[in-house]
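In the text below, chain A, chain B and the rest are named by the order of the sequence lines, each starting its count at 1. Note that this is a predicted model, so its numbers are computed, not measured.
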Amino acid sequence: MNREFGAETLVELERICARYPRREAALLPAMRLLEREFGCVDEPGMILVAKLLGVSPAHAYGVLTFYTHFRRSSDAKVLLQVCSTLPCALKGSESLYDHLKKITAGEPAITLKKVECLANCDRAPCLQVNEEYIDNATPEMCDQLVAQIRAGRWTPPGQIYSVPPNTHQPVLLRHVLEAGSETMEHYLARGGYKTAEEIVKSGRNPDEVVETVFKSGLRGRGGAGFPTGQKWKFLAKNDKPRYLVVNADESEPGTFKDKLLIDRDPHQLIEGIIIAAYAIRSKTCYIYIRGEFGIGAWILQKAVDEAYEKGFLGRKVFGTASEIDVTVHRGGGAYICGEETGLLSSLEGKRGNPKIKPPFPAVEGLFRSPTIVNNVETIATLPHILKNGVEWFRKMGTEKSPGPKIFSVCGHVHRPGNYEVPLGIPIKELIYDLAGGVRGGKKLKAVIPGGLSAPVFAADEVDNGYVKVDAATKAESRVPITMDFESIAGAGSMLGSGGVIVMDEETCMVDALWNTLRFYAHESCGQCTPCREGTGWIAKLAGRMERGGGRDDEIALLDEVAANMCGRTICVLADAAAMPARSFVKKFRAEFEAHARAKKCPYKHGHAPKPEPAGVGSH
Amino acid sequence: MVTKDVLYKLVVFLATVGIAVGLVPIMTIVERRVAAFIQNRWGPNRVGPWGLLQPVADGIKAFFKEEFVPARADRLLHFIAPMLVFVPPAIGFAVIPWGNQIGSVKLQAVNLNIGVLFMMSVLSIAVYGLAIGGWASNNKWSLLGGLRASAQLISYELTLGLAILVAIMMAESVDPQVIVAKQTRGILSWNVFGGGNLLALPCGLLGILLLYTAALAENNRLPFDLPECEQELVGGYHTEYSSMKFAMFFMGEYVAMVNMSAIVTMLYLGGWYFPGITNPADHSWLGGILSVGVFMAKTFAILFVYVWIRWTFPRFKYNQLMNLGWKGLLPLSLANVALLAVVGVFTGGKP
Amino acid sequence: MPKIKLNGKEVEVAPGKTVLQACVDNGAFVPHYCWHPGLSPAGNCRMCLVKVSNSRKLEASCMYPCSDNLEVTTEGPEVAKGRQDVLEFMLINHPLDCPICDKAGECDLQDYTYAYRGGVSRFRDKKVIKHTKDLGPNVRIWGSRCIACTRCVRFCEEVAGTGELCLVNRGDHSVVDVFPTIPIDNPVSLNVVDLCPVGALIDRNFLYQARVWFARETESVCASCARGCNVKITALDNRIKRMVPRVNADVNTWWMCDEGRLNTRYLADDRRLTASKGSARDLDAAARKGNFGIVLSTYQTIEEMWLVKRLAEAWKAPVGFLTLTRGERKKFGGLVIEPDKTPNRRFAEKLFGELKPVPAGCKGLFVLNGIPELEGPPELMAAANGAEFLAVSDLRKGPLVEKAQVVLPACAWAEKDGTFMNVDGRVQRIRKAIEPPAAVRAEVAWLQEALGTEPLSAEGVFLQAAKEVPALAGLDYGKLGNQGAASNGH
Amino acid sequence: MTNYNIGSLFKGMFRTFQHLVGKKATLEYPEEKYIPRKGYRGEHRLKKDEQGRMKCVACFMCATACPAECIRIVAGPSPWPDRDKIPVSFEIDLLKCIYCGMCEEACPCDAIELTPTFTQIATTREEKIYDLQKLMNR
């Protein structure tokens with residue numbers, strides 16, 4: 001069987017290719033075209049795009065199998081994807097999956113899949129039906145949905161966006177709940193693009209903008225917390241084109257802030273892009289958006305198109321000689337593409353393998369040119385800094401971590417959701433006051449403060465502060481934890497992307513760890529040996545412990561294997577998997593021992609027992 | 001009467017030779033069985049009852065084997081050598097008193113009054129057999145074996161002679177009949193215990209020890225079997241012999257052993273006398289047969305010790321052999337003779 | 001030129017070199033899997049961990065640039081621990097089927113495991129099973145053994161240029177594969193088998209043929225084209241089991257082509273000529289009658305050609321040539337596949353000048369043909385039909401051999417010692433890897449017999465030739481070594 | 001002067017005499033059968049699995065371990081899905097074999113074993129070279 005694109009599609013493909021300096025970079029968009037035209041990405045289709053893009057079919061095949069989100073020829077018309085990562089699992093997604101499996105058995109129109117985090121943790125459990133999200137899914141909703149699909153009359157319900165009440169004045173999230181906030185009119189009406197226009201038109205030295213951002217002390221909101229201005233200053237000074245890449249691959253479980261920013265206020269991001277591109281003298285910007293965010297990508301593309309129409313982007317930005325090209329590049333479903341070098345590999349049309357640093361992307365990144373990769377929230381903050389000034393920005397937050405930050409709180413709290421607060425508020429305030437504390441009157445057991453890869457805090461640390469040992473006097477004191485980079489690092493964890501996952505007293509920590517490690521085993525790119533094999537190993541170890549097959553000495557083994565993974569790999573995914581494992585073992589060792597002793601899980605919870613980790617046997 | 005005496009003598013003589021030669025096959029099976037037993041084996045036990053017919057089988061085999069003479073060997077000497085080894089010890093039996101007398105017939109083939117001297121002279125001939133055998137084989141290892149044998153035999157002949165001299169001095173006679181007769185006065189009259197003179201007891205004990213040691217060497221028995229030591233000389237003087245010629249060497253060795261055992265019995269162990277069993281005055285048939293039995297028993301006991309020693313001790317080195325012979329045994333035997341002489345002087349010349 | 005301190009010893013490194021290259025150049029042992037001097041670095045196996053002064057943790061040396069005053073430590077407990085841990089991870093899903101793996105005995109994973117780890121595994125769970133299948137006509141994969149070093153993938157992309165291989169899936173399911181409908185079938189595909197540091201990729205022709213430690217290896221030169229790739233011949237039970245390339249930067253770099261590797265089957269052909277008819281003296285006697293012609297193939301060694309030249313002078317016979325040219329010149333990285341399919345044409349040209357065609361109209365003809373695939377081309381058959389006397393030396397039975405009065409069976413290139421001059425004029429040695437069939441004698445032996453000279457070994461003949469042939473001046477077997485030497489006047 | 005150590009001579013004589021009357025170690029073979037102890041290393045056999053197939057996977061470990069170099073294997077692809085490789089031919093030259101049992105020890109599949117059979121009768125050298133069939137049917 002041969003596949004051929006129609007003439008229109010070919011033109012579209014050429015247009016896409018033209019947006020990248022190398023044709024093969026258009027591989028992922030080309031596969032989206034295949035999906036659109038033929039319903040799936042299959043072998044003849046891959047041969048077609050490989051031929052059109054001048055790569056070998058094997059390369060296309062290798063790239064396709066790296067990503068999980070493309071539709072395969074074996075997938076049915078309706079693809080039901082149940083999120084099974086920790087925040088959803090804490091809300092019972094496993095039993096939901098089992099229920100769905102029962103009711104969809106033998107249904108040819110439905111393919112049921114367990115997938116990793118869909119970045120909808122505040123409305124867990126969540127499932128995705130083709131491109132559409134279904135929030136707070138219940139078995140009854142599922143029954144209804146399946147019945148509708150069977151009847152062939154399924155209509156997408158659309159997502160309901162909500163932001164819980166917040167005592168702090170939001171900056172980025174100020175307008176997201178207003179109707180039509182995603183439109184150009186709404187953004188212009190509230191004074192949007194003014195800051196960017198002023199900067200671009202002023203013809204200021206871009207270095208001044210960099211200096212302003214540097215002085216503001218803005219730190220990257222993606223996870224590492226590296227000062228943005230500093231990063232910009234590292235850009236290699238050569239005559240190669242410079243690239244700005246916006247990391248919209250929000251895949252850290254427990255984080256769902258960028259999705260809200262994209263879906264509800266895309267122009268805020270685009271204005272930030274104009275400012276950043278001007279500042280770093282870049283003419284090309286790519287927005288790498290998660291494959292799962294199909295609707296987000298659509299909204300963003302629409303916003304970009306509007307900005308082009310208005311002349312805010314393109315050849316003559318705001319009528320000046322500046323050029324900025326913005327391309328929305330949709331990924332294919334791989335956590336590792338949120339890592340900046342993995343993202344760049346993916347953007348180049350390859351498997352999303354992280355690259356060795358040095359050289360850092362600022363020196364040699366996308367297409368071997370100097371590249372700045374910034375998170376959506378970071379970029380979206382820029383217009384506010386430049387509009388209100390450094391002083392305004394530094395008034396919020398702490399000395400070293402200034403500014404507002406969106407924290408995504410999920411898990412067993414009363415009011416999960418995005419909270420935009422100044423950095424440095426006490427963790428207790430965030431969990432108990434804003435999010436309303438643990439739901440159902442239960443006690444707190446553990447909190448993961450910065451996305452799934454951050455080491456866990458026990459309830460005691462959250463309530464009474466962490467134990468700080470003075471280096472000189474060896475005196476111990478309790479220091480309360482506040483939500484900023486320094487305090488959390490001091491407490492032995494990391495702020496990361498600000499995804500706070502709260503677990504109540506009924507949560508089995510071994511099961512939670514197993515779920516966590518399964519995620520990393522599934523998402524490891526498979527490049528470096530310690531990560532490729534280690535993530536699978538510790539996931540299997542934790543799974544066996546949870547099912548009661550663990551031995552006492554294997555608790556130490558789990559810790560040691562995790563320790564052996566740390567710092568031995570190209571990127572930090574191995575560390576991201578190892579750190580939770582080590583902290584869970586350290587802080588909840590008794591639970592592991594109880595499992596080994598009882599030879600079964602002593603907790604009664606809603607999670608059905610699973611025979612094998614999800615990371616095994618799938619693909 | 002002459003006829004009757006001659007007849008008797010003939011019977012005794014034939015019996016003597018018969019016993020001497022007949023003991024050889026018996027000794028071969030005894031040697032092999034004892035060797036086997038000492039090594040925790042069973043040994044040859046397949047031919048006839050308890051393997052007793054093994055010597056017959058060996059004999060037949062030896063007889064039918066190919067006779068082989070090496071090229072350029074001295075055929076005549078090669079032919080004579082085995083006979084020279086076999087015949088002299090067989091002749092030596094002639095003067096050995098096998099028992100008390102039956103009627104007037106002494107159980108001794110030839111009643112020589114210089115019997116002991118005769119025996120010594122006859123036994124010395126055997127060394128020629130070995131030397132000639134080694135020479136005639138036209139084989140350097142055989143020659144070396146023969147030379148070793150002659151040197152060894154000559155060396156130990158001195159000790160042998162001096163040890164025999166002790167018995168002669170005790171008996172004051174070289175007549176075997178007299179030597180035996182003097183030892184029939186109770187067990188302490190045996191020469192081994194000093195021939196009735198307790199002061200000569202050490203001389204007797206040392207004498208039999210020296211005699212026996214020398215006998216081992218004379219018979220090329222372990223630990224003195226250097227002439228035929230396989231490791232160095234392949235097979236020694238008889239390497240190039242096969243079939244019956246080899247059997248002659250083989251039998252000659254055993255005949256010499258039996259002969260030497262008989263001599264030891266006769267000279268030191270009271271010959272056919274054993275108190276309570278034989279009575280010197282009893283010349284009846286029964287007494288005669290008993291006396292022969294006693295003699296044979298003593299002989300066998302000594303033969304057994306031959307075998308026993310063989311499977312106990314390792315072989316000497318040649319220098320050790322010579323050291324022992326010349327520096328050890330010879331002075332010792334001289335001293336023994338001197339000591340006995342002194343004892344004799346002090347006890348009035350009579351033991 | 002940055003100066004680094006390597007295990008306490010100061011060494012100078014060419015700019016742009018990585019720490020691993022510096023270690024390799026200076027004799028410091030650093031185990032590695034994914035790094036290969038002929039391929040771009042990938043840095044994914046993490047085996048080449050070393051301690052560098054710029055970093056608190058261990059760094060992968062294959063991607064770490066050398067900077068001035070960098071202190072590198074390749075030994076010690078910390079580094080050993082790092083390697084141990086990486087090996088432990090590598091063996092998690094690697095099946096322990098060394099006993100039935102054809103790579104065993106020359107497997108890097110095996111060697112390093114012996115060097116750094118005990119025989120105990122702490123892994124108690126189920127291993128991930130990956131596919132085992134044929135990737136192409138010559139290559140089979142055992143996916144479970146794959147350690148995802150991507151050497152083969154990079155080879156197909158960077159050297160072969162065909163990119164048939166890819167890494168599919170991710171995490172511990174990563175494995176090398178081909179596109180489902182496109183097998184790996186390029187002229188240099190078997191190099192991926194040599195590149196594979198474990199037994200994941202196996203040469204299907206070598207599959208189960210031999211355990212390498214029983215086989216004998218001989219350093220020789222491939223005779224399948226004029227390039228003269230340096231090879232190692234693996235032989236067992238007097239059969240050639242495989243050929244693998246040896247590194248020679250001046251000839252073939254690290255690679256060799258599949259055609260050369262697999263061109264060994266004729267050695268054990270049923271039609272192999274094993275019995276002789278007549279002798280070299282008969283040939284000499286017939287040739288001295290006059291009007292005699294010689295036909296020489298460019299497959300013969302330098303020694304044989306030189307002896308034939310002396311014979312031609314003695315007999316006053318014209319010499320014509322048999323050659324074989326096929327296909328085009330193909331370049332794969334440092335490897336070139338020549339269209340000239342005989343190994344020694346260059347020397348023939350040096351010795352005889354321009355190569356003349358088969359002499360026609362001779363009364364007697366002596367054909368020395370070592371080209372395995374060439375059987376009686378028409379012009380040769382015509383010349384042979386016209387001759388009264390025919391002497392033939394060939395590998396296989398054929399129409400020419402049937403006709404011949406004197407038949408002297410030929411030794412194949414793997415069955416004799418000698419030298420070839422490759423297309424660049426490089427003189428390289430071939431060595432006897434297996435014994436020829438029982439009655440077959442080396443050509444140099446019977447050629448000297450025909451000449452009536454004192455029989456010398458191939459080395460002796462070469463020394464004689466080196467004295468008289470300017471192109472070989474100053475060369476001897478010792479100087480050729482195992483990498484060969486450029487000839488004079490080249 | 002050499003130390004002749006007469007005492008030990010008699011000690012030696014006593015020891016040999018003890019053996020003379022002691023228990024015999026040998027058997028009267030054809031009538032009395034020898035029953036080998038457990039683990040006796042007699043002639044070889046190739047084991048089969050529950051389905052009657054050979055267990056051997058032709059890994060050559062036995063041939064590698066063999067100090068007498070008496071094992072000769074030719075390997076080939078397996079017809080069964082649960083393994084890759086089987087021996088096409090498997091020969092043990094029992095005339096070369098020293099019955100050390102290293103092959104059994106080296107075998108990772110527990111496929112070769114030394115049986116207690118110690119009587120082997122052969123009239124030609126060829127008969128003593130056991131092939132696959134013979135080794136399997138033992």
Side-chain angles (χ1 to χ4, degrees), chain A residues 43-44 46-47 50 55-68 334 336 351-353 355-356 358-359 520-537 540-541 543-544 549 551 554 557 560-561 563-570 612 615-619, chain C residues 33-34 41-47 49 55-60 62-65 81-82 84-94 122-128 147-150 153 156-157 161-182 184:
Chain A
E43 288 161 23
M46 275 187 278
I47 291 180
V55 296
S56 70
H59 176 85
Y61 182 53
V63 171
L64 173 76
T65 53
F66 186 85
Y67 301 102
T68 55
I336 195 62
R351 294 162 63 84
N353 289 342
K355 299 178 201 172
I356 283 181
Y520 287 107
H522 185 255
E523 297 297 344
S524 166
C525 79
Q527 225 191 154
C528 307
T529 309
C531 172
R532 178 181 68 231
E533 310 292 350
T535 49
W537 188 6
K540 285 175 189 174
L541 262 177
R544 193 147 46 77
R551 294 188 307 213
E554 282 176 334
L557 176 67
E560 197 195 325
V561 173
N564 288 347
M565 287 160 62
C566 286
R568 300 264 167 79
T569 49
I570 292 175
E612 274 294 304
V616 175
S618 59
H619 296 296
Chain C
Y33 295 110
C34 66
N44 60 28
C45 73
R46 315 311 287 176
M47 192 62 202
L49 295 174
S55 172
R56 275 187 299 129
K57 52 180 197 174
L58 297 172
E59 292 289 345
C62 66
M63 298 285 273
Y64 206 86
K81 167 85 166 54
Q84 259 172 33
D85 295 340
V86 172
L87 275 171
E88 178 171 36
F89 286 126
M90 221 161 251
L91 291 169
I92 293 302
N93 286 316
H94 187 91
R122 300 188 287 180
F123 183 74
R124 289 209 304 145
D125 300 276
K126 265 191 209 152
K127 290 187 183 239
V128 179
I147 58 167
C149 71
T150 68
V153 177
C156 282
E157 274 169 17
T162 45
E164 290 114 330
L165 292 182
C166 61
L167 204 63
V168 298
N169 300 337
R170 64 185 192 213
D172 52 11
H173 286 70
S174 306
V175 64
V176 167
D177 202 353
V178 290
F179 191 80
T181 54
I182 304 173
I184 170 166

Contact leader toward chain A among [options], where contacts are heavy-atom pairs under 4.5 Å:
options                            : answer
C:Met63, C:Glu164, C:Arg122        : C:Arg122
C:Met90, C:Arg56, C:Lys81, C:Gln84 : C:Met90
C:Cys45, C:Pro180, C:Ser174        : C:Pro180
C:Asn93, C:Val86, C:Leu91, C:Leu49 : C:Asn93

Measuring from atom [atom1] of [X] to atom [atom2] of [Y], what distance do you get when rounded to the nearest 0.5 angstrom?
X        : Y        : atom1 : atom2 : answer
A:Ile336 : A:Tyr520 : CD1   : OH    : 10.0 Å
A:Arg532 : C:Phe89  : CZ    : CZ    : 11.0 Å
C:Arg46  : A:Met565 : CZ    : CE    : 13.0 Å

Where does [X] contact chain A at under 4.5 Å (heavy atoms): side chain, backbone, both or neither?
X        : value
C:Val178 : backbone
C:Thr162 : backbone
C:Glu157 : side chain
C:Leu58  : both
C:Leu167 : both

Is [X] close to chain C through its backbone or its side chain, or both, or neither, when contacts mean heavy atoms under 4.5 Å?
X        : value
A:Arg544 : side chain
A:Ala50  : neither
A:Tyr67  : backbone
A:Glu554 : side chain
A:Ile570 : both
A:Val55  : neither

Does any part of the side chain of [Y], heavy atoms only, come nearer than 4.5 Å to the side chain of [X], both counted from C-beta?
X        : Y        : answer
C:Phe179 : C:Thr181 : yes
C:Ile147 : C:His94  : yes
A:Trp537 : A:Leu557 : yes
C:Lys127 : C:Ile92  : no
A:Thr529 : C:Met47  : no

Under a 4.5 Å cutoff for heavy-atom pairs, which residue among [options] has the most contacts with chain C?
options                      : result
A:Gly549, A:Gly536, A:Gly567 : A:Gly567
A:Met46, A:His59, A:Glu523   : A:Glu523
A:Ala334, A:Cys531, A:Cys566 : A:Ala334

What's the verdict on side-chain contact (heavy atoms from CB on, under 4.5 Å) for A:Glu533 and C:Glu88, showing C-alpha distance, side-chain angles and the deciding distance? CA-CA 9 Å; A:Glu533 310 292 350; C:Glu88 178 171 36; over 6 Å; no
Determine whether a donor-acceptor pair (N or O, by modelled atom type, separation under 3.5 Å) exists between the side chain of C:Asn44 and the backbone of A:Cys528. no
Heavy-atom closest contact (C:Cys62 atom, C:Gly43 atom, distance): SG-CA, 3.5 Å
